[in-house]
Amino acid sequence: MRELVTVQVGSFANYIGSHFWNFQDELLGLGEDQNADSQVFRNTGLNMDVLFRAGEAYQGNPTYTPRLVSIGAQGSLGTLCSTGSLYDCPPSPHTSVVTWSGSASKQVAKPHKRNLFLQSLYEEEQGGPSSPVDAITNDDKRQVLDKDIVDCLENDIHFWTDFSKVHYHPRSLYELNSSWSDIHDFDNYEIAQQITSCQGEDMIDRLRFFTEECDHIQGFQFIVDDSGWISSVAADFMETIADNFGKIPMLLYSAKDPVSYTKATNKKQIVSRSLHEAISFSRLSSSCKLIVPLGLPSLSTSKLSTFLSINDTKPFHSSAVYAASIHSLSLPFRMEQAGSTSYSDSISGAVDIYETIQILTEQSRQNMVAIMDVAMPTSLLKGDHIQSSIQSSFQSLTPEVAEKSEDLQAVESVIIHGALRSGDHRRASISEMKDAFLEGYRNHGFHPQPKPMFCHLSAATCPLPIPISFPSIFSSHIGRHGELLGPISSSQDYLPKGPIEIVSIPMSARLRSTNAILPFIEKRMENLRRFGVQRGAQGAQLLRSWGFDKDEVEDMGEVLSKMILSLDPHLEMSTDSD
């Protein structure tokens with residue numbers, strides 16, 4: 001088995017992670033459900049031990065917890081104890097100030113209350129519900145409760161733990177002391193460096209706990225909140241990991257919450273945010289093997305809005321889309337390896353993190369910045385007159401990329417899973433998914449697609465399961481299993497659907513290495529040069545206050561410059577001629 005260790009850093013990253021682990025929990029539950037969607041969830045060909053570890057609680061009860069280190073600001077866990085939910089929270093230690101002889105007062109924040117969703121989980125685990133969640137004696141009452149839970153989650157989410165279904169190991173959840181989730185100094189790198197200098201070793205110890213028990217670790221899967229000081233914490237942490245675990249590959253998803261795109265109100269904010277984006281991207285990319293920037297300014301106005309109704313102001317909504325995409329891309333990492341004939345009808349194209357990084361970064365050029373695309377949901381259209389393709393339905397989740405870019409050296413890694421056949425809406429076979437995808441490159445209809453230099457294709461019959469904790473973001477065009485329905489008949493039908501009406505959806509996701517990422521990198525290079533490097537730069541003093549001297553800033557600019565040169569040989573020629 002090739003284990004995978006996941007690291008989540010920051011509020012939005014943990015929102016994404018909460019959804020991601022809920023998908024895994026749902027897969028585990030459906031795998032044991034005899035009433036689940038035929039055999040699709042009971043014969044997935046996925047090894048869940050890649051992501052989870054088996055253990056025992058103090059009482060000897062077996063546990064199955066994510067192989068995860070989650071890092072967040074102090075006070076960001078809501079009702080969840082930092083030791084997780086499998087163990088009782090230790091009493092708060094009594095503190096006294098020995099250097100102070102005067103009176104002292106103690107202020108204790110009012111504890112957060114469990115919402116209806118968390119109450120229902122707790123009471124179910126205790127062996128029976130009690131007030132306010134009364135006993136469920138029939139399906140009608142269960143449906144009423146589920147509706148109340150869905151409504152609660154849409155309106156009562158304050159922390160990522162408010163909708164988390166899984167149990168966490170006591171070593172998984174880490175709160176950064178001397179930091180608060182509502183910290184005002186948005187881009188203060190100096191604060192971040194102070195935090196990591198004091199707590200970095202403790203964070204590494206937690207990661208080492210999970211890595212040392214692995215038989216053959218395949219890599220680290222990072223999800224990082226690329227907003228404010230927390231990204232600097234992540235960058236410092238990743239640098240330390242690279243020093244301690246240099247041979248283990250790191251795949252990094254660097255995510256931005258749509259809310260973080262709030263328009264700057266003055267010149268100082270413009271300079272600060274521009275420099276933050278450049279420095280954060282340069283530093284994060286320096287320690288990993290492959291970085292995937294995520295986070296559109298608006299999902300509600302993207303191509304996804306055709307089938308999804310997303311409120312950009314709700315992290316609960318936007319993080320669900322990114323989590324679904326990361327879940328899809330992680331499927332090949334835990335597929336049973338070739339040779340296991342019992343799963344040959346369920347999966348195809350197993351690769352691990354190292355092989356994926358090699359595919360995307362070690363072809364004709366070395367580009368370590370990948371674009372993520374997703375089709376949510378995706379559907380196969382069979383027949384001789386294909387009007388659309390899987391490729392044409394992809395929406396980029398990476399911001400600021402070139403929409404139309406013909407790159408003869410482009411490389412892709414694609415996963416399709418749970419796809420449905422048009423007409424009868426039956427589950428497509430592995431071969432049908434592959435044939436339909438390849439047809440997208442041969443199709444010369446309305447949406448011709450340029451074929452990449454190389455494409456690795458993975459497929460699985462298992463769709464994306466929709467747990468009760470998933471937001472109500474599906475349009476009325478989507479059916480119970482993610483099929484695309486006909487025209488909407490009335491205004492009532494325009495109401496978004498959620499986990500009560502939708503049980504699963506087919507998905508496609510893609511990582512691609514292409515020069516379409518150039519605008520993203522070039523913007524950060526230009527901002528660093530304009531505001532931080534050139535003579536009289538407006539942000540030079542700000543960078544010094546963040547702890548960066550001139551040589552460090554120039555080194556970060558060199559990192560970005562090399563990325564651009566690897567993607568644009570013409571620029572390299574013009575630079576040489578100068």
So, does [X] use its side chain to make a donor-acceptor pair with the main chain of [Y] at under 3.5 Å?
{"X": "His317", "Y": "Asn311", "answer": "yes"}
{"X": "Arg42", "Y": "Asp33", "answer": "yes"}
{"X": "Asp225", "Y": "Val9", "answer": "no"}
{"X": "Glu175", "Y": "Ile71", "answer": "no"}
{"X": "Thr63", "Y": "Gly55", "answer": "yes"}
{"X": "Ser18", "Y": "Tyr15", "answer": "no"}
{"X": "Ser346", "Y": "Asn43", "answer": "yes"}
{"X": "Gln218", "Y": "Tyr354", "answer": "no"}
{"X": "Thr361", "Y": "Met368", "answer": "no"}
{"X": "Arg2", "Y": "Phe333", "answer": "no"}

Going by the angle between their ring planes, with limits at 30° and 60°, are Phe222 and Phe220 parallel, tilted or perpendicular?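 Geometry flag for Phe220 against Phe222: perpendicular rings.
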Would you give the length of the straight line joining atom [atom1] of [X] to atom [atom2] of [Y], rounded to the nearest 0.5 angstrom?
{"X": "Ile291", "Y": "Leu251", "atom1": "CD1", "atom2": "CG", "value": "10.0 Å"}
{"X": "Leu360", "Y": "Leu511", "atom1": "CG", "atom2": "CG", "value": "6.0 Å"}
{"X": "Gln8", "Y": "Leu68", "atom1": "CD", "atom2": "CG", "value": "4.5 Å"}
{"X": "Asn244", "Y": "Thr211", "atom1": "CG", "atom2": "OG1", "value": "9.5 Å"}
{"X": "Ser172", "Y": "His167", "atom1": "OG", "atom2": "NE2", "value": "13.0 Å"}
{"X": "Ile500", "Y": "Phe470", "atom1": "CD1", "atom2": "CZ", "value": "14.0 Å"}

Do [X] and [Y] come within less than 4.5 Å of each other through their side chains, counting heavy atoms only?
{"X": "Ser508", "Y": "Val414", "value": "no"}
{"X": "Pro467", "Y": "Asp25", "value": "no"}
{"X": "Pro463", "Y": "Ile505", "value": "no"}
{"X": "Phe12", "Y": "Ser227", "value": "no"}
{"X": "Pro471", "Y": "Leu153", "value": "no"}
{"X": "Met376", "Y": "Leu308", "value": "yes"}
{"X": "Thr83", "Y": "Leu173", "value": "no"}
{"X": "Met203", "Y": "Val69", "value": "no"}

What is the minimum heavy-atom distance between [X] and [Y], and which atoms define it?
{"X": "Thr44", "Y": "Val40", "result": "CG2-O, 3.4 Å"}
{"X": "Phe159", "Y": "Ser76", "result": "CD2-O, 3.6 Å"}
{"X": "Asp156", "Y": "His158", "result": "OD1-NE2, 3.0 Å"}
{"X": "Ser287", "Y": "Ala242", "result": "O-CB, 4.3 Å"}
{"X": "Ser472", "Y": "Pro499", "result": "OG-CD, 4.2 Å"}
{"X": "Val166", "Y": "Asn22", "result": "N-OD1, 4.2 Å"}

If you apply the rule salt bridge (charged side-chain N to carboxylate O under 4.0 Å, His left out), what do you find for Arg283 with Asp236, and how did you get there? CA-CA 8 Å; Arg283 294 194 66 213; Asp236 288 345; 2.4 Å; yes
With a cut-off of under 6.0 Å to the ring centre and 45° to the axis, is Arg206 in cation-pi contact with Tyr174?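 Checked: cation-pi criterion not met.
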Criterion salt bridge (charged side-chain N to carboxylate O under 4.0 Å, His left out) against Lys165, the qualifying member of Glu124, Glu26, Glu125: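 Of all the options given, the one that passes is Glu26.
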Verdict with reasoning, Trp160 to Ser70, per side-chain contact (heavy atoms from CB on, under 4.5 Å): CA-CA 11 Å; Trp160 64 269; Ser70 166; 3.7 Å; yes
Can you confirm whether the side chains of [X] and [Y] place a donor and an acceptor under 3.5 Å from each other?
{"X": "Thr356", "Y": "His456", "answer": "no"}
{"X": "His417", "Y": "Ser328", "answer": "yes"}
{"X": "Thr6", "Y": "Gln221", "answer": "yes"}
{"X": "Asp226", "Y": "Tyr253", "answer": "no"}

Let's go through Tyr322 and Leu299 carefully: what are the C-alpha distance in whole Å and the side-chain angles of both, what is the deciding distance for side-chain contact (heavy atoms from CB on, under 4.5 Å) to 0.1 Å, and is it a yes or a no? CA-CA 10 Å; Tyr322 299 116; Leu299 289 170; 3.7 Å; yes
Does Thr461 form a side-chain contact (heavy atoms from CB on, under 4.5 Å) with Ile430? I'd like the steps, not just the answer. CA-CA 7 Å; Thr461 56; Ile430 296 294; 4.0 Å; yes
Residue from Phe316, Phe117, Trp21 passing ring-ring contact (aromatic ring centres under 6.0 Å, His included) with Phe163: Phe316
Of Leu116, Leu121, Asn115, the one forming a side chain to side chain contact (heavy atoms under 4.5 Å, CB included) with Ile149 is Leu116
side-chain contact (heavy atoms from CB on, under 4.5 Å) assessment of Val259 paired with Asp312: CA-CA 7 Å; Val259 176; Asp312 290 319; over 6 Å; no
Lys256/Glu277 under salt bridge (charged side-chain N to carboxylate O under 4.0 Å, His left out): CA gap, chis, key distance, verdict: CA-CA 10 Å; Lys256 288 189 65 139; Glu277 287 183 346; 3.4 Å; yes
Can you tell whether the side chains of Glu3 and Arg67 come within less than 4.0 Å, N to carboxylate O?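 Salt bridge: no.
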